[in-house]
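Here is the structure we will look at, set down as structure tokens.
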Amino acid sequence: MTAQLPEDVRSLLLSRIKDVADYPKPGVMFKDITPLLADPEAFGALTGALVELAGRYGATKIVGLEARGFILAAPVAVQAGIGFVPVRKAGKLPGATLAQSYELEYGTAEIEVHAEDLATGDRVMVIDDVLATGGTAEASLSLIRRAGAEVAGVAVLMELSFLPGRAKLAGSLAGAPLDALIVV
């Protein structure tokens with residue numbers, strides 16, 4: 001579902017997302033959120049919308065997906081007064097971790113979380129910038145459940161509707177909400 005943003009907030013966010021043609025390779029239209037992050041009004045509005053979703057989900061922890069998910073998730077956790085847990089690429093976290101591999105277009109990748117950062121009783125909201133193919137988000141849901149925590153919901157700034165991310169996540173969500181603030 002698409003989170004219901006006031007039209008002025010939606011317009012503000014969209015106006016600060018820059019299309020970059022042929023990046024990172026020819027034929028790709030990259031959605032650059034750095035202008036949004038550089039604008040305190042737009043970044044504040046985005047953070048506020050995600051904090052509202054965290055409350056609606058009843059989240060007790062926020063997971064941010066590497067790397068831009070960190071940028072969006074950390075201020076949400078601070079404003080909501082709940083913990084932030086980074087989900088990183090394999091090999092980036094010291095100590096005991098849980099790992100989950102997933103399929104990429106050409107090969108596989110792996111993400112990790114500190115084993116002790118999530119526990120039974122935690123209601124975890126996953127935040128990322130873009131939902132594209134859904135592989136990283138799906139792997140994060142597996143990690144959360146393997147740690148004994150519950151998935152409260154997934155929220156993204158932008159969903160690329162021409163890619164299969166939402167369909168890929170449908171089964172893994174197990175009834176938890178998936179909200180996109182903007183659908184392109």
Side-chain angles (χ1 to χ4, degrees), residues 3 17 24 30-34 36-38 40 42-44 46-104 107-160 165 168-169 172-174 176-181:
I17 298 169
F30 183 77
K31 301 293 188 182
D32 182 10
I33 68 166
T34 57
L36 187 156
L37 300 173
F43 195 15
L46 170 59
T47 301
L50 292 170
V51 167
E52 190 276 323
L53 285 175
R56 190 180 324 154
Y57 293 174
T60 61
K61 295 257 176 91
I62 301 287
V63 155
L65 303 182
E66 187 164 342
R68 290 180 296 195
F70 295 173
I71 298 167
L72 304 185
V76 172
V78 169
Q79 283 194 21
I82 58 181
F84 168 72
V85 178
V87 168
R88 306 247 10 224
K89 294 175 183 170
K92 301 289 186 180
L93 292 171
T97 61
L98 294 174
Q100 182 69 43
S101 61
Y102 60 99
E103 298 293 319
L104 297 170
T108 61
E110 190 173 59
I111 56 174
E112 295 178 332
V113 66
H114 272 136
E116 72 276 4
D117 287 348
L118 298 173
T120 302
D122 286 333
R123 289 186 44 79
V124 182
M125 175 181 178
V126 176
I127 295 179
D128 205 3
D129 64 327
V130 174
L131 175 62
T133 61
T136 308
E138 183 179 48
S140 74
L141 300 181
S142 292
L143 280 177
I144 291 164
R145 290 188 177 108
R146 285 179 47 218
E150 178 185 345
V151 175
V154 176
V156 296
L157 165 59
M158 203 174 356
E159 178 182 352
L160 305 180
K168 182 175 183 98
L169 284 180
S172 298
L173 287 165
L178 167 60
D179 282 288
L181 298 180

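Here the structure is a predicted model, which is why all the values come from computation and not from measurement.
Distance CG/D179 to CD/E159: 10.0 Å, rounded to 0.5 Å.
Listed by chain and number, the residues in a side chain to side chain donor-acceptor pair (under 3.5 Å) with K168 amount to none (sequence neighbours excluded). In this structure A155 satisfies the side chain to side chain contact (heavy atoms under 4.5 Å, CB included) test together with L50, L53, Y57, M125, sequence neighbours excluded. Taking the salt bridge (Lys or Arg N to Asp or Glu O under 4.0 Å) definition, one finds that D117 meets it with nothing, sequence neighbours left out. E116 is linked by a salt bridge (Lys or Arg N to Asp or Glu O under 4.0 Å) to nothing, counting only residues two or more places apart in sequence or in another chain. A search for side chain to side chain contact (heavy atoms under 4.5 Å, CB included) contacts involving A149 returns L118, D122, V124, I144, not counting sequence neighbours. For R145, there are no side chain to side chain donor-acceptor pair (under 3.5 Å) partners two or more places apart in sequence or in a different chain. Considering only residues two or more places apart in sequence or on other chains, S142 meets the side chain to side chain donor-acceptor pair (under 3.5 Å) condition with none of them.
Judged as a salt bridge (charged side-chain N to carboxylate O under 4.0 Å, His left out), not a single pair has a partner in residues 73-82 (not counting sequence neighbours).
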Mind listing the side-chain donor-acceptor pairs of residues 133-140 below 3.5 Å, one per line with the distance, residues two or more places apart or on another chain?
from, atom 1, to, atom 2, distance (Å)
T136, OG1, Y102, OH, 3.1
E138, OE2, S172, OG, 3.0
S140, OG, A137, O, 2.7

Report all side-chain donor-acceptor pairs from residues 86-96 shorter than 3.5 Å, counting only partners two or more places apart or in another chain.
from, atom 1, to, atom 2, distance (Å)
R88, NE, E66, OE1, 2.9

Show me the side-chain donor-acceptor pairs of residues 68-84 shorter than 3.5 Å, one per line, residues at least two apart or across chains.
from, atom 1, to, atom 2, distance (Å)
R68, NE, D129, OD2, 2.6
R68, NH2, D129, OD2, 2.9

Worked verdict on L65 versus I127 for side-chain contact (heavy atoms from CB on, under 4.5 Å): CA-CA 7 Å; L65 303 182; I127 295 179; over 6 Å; no
List the steps and the verdict of side-chain contact (heavy atoms from CB on, under 4.5 Å) for K31 and M158. CA-CA 9 Å; K31 301 293 188 182; M158 203 174 356; 3.6 Å; yes
Assess whether side-chain contact (heavy atoms from CB on, under 4.5 Å) is satisfied between L160 and L131, documenting all intermediate values. CA-CA 6 Å; L160 305 180; L131 175 62; over 6 Å; no
Is there a side-chain contact (heavy atoms from CB on, under 4.5 Å) between L181 and L46? Walk through the geometry before answering. CA-CA 9 Å; L181 298 180; L46 170 59; 3.3 Å; yes
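With R123 contributing its side chain and G58 its backbone, the two residues share a donor-acceptor pair below 3.5 Å.
Within the 4.5 Å cutoff, no side-chain heavy atoms of E110 are placed close to those of Q100. Between L157 and I33, some side-chain heavy-atom pair lies under the 4.5 Å cut-off. You'll find the side chain of L173 reaches within 4.5 Å of the side chain of L141, heavy atoms only.
Taking every heavy atom of both residues into account, A152 and A59 meet most closely at CB-CA, 4.4 Å. Taking every heavy atom of both residues into account, A54 and I62 meet most closely at CB-CD1, 4.1 Å.
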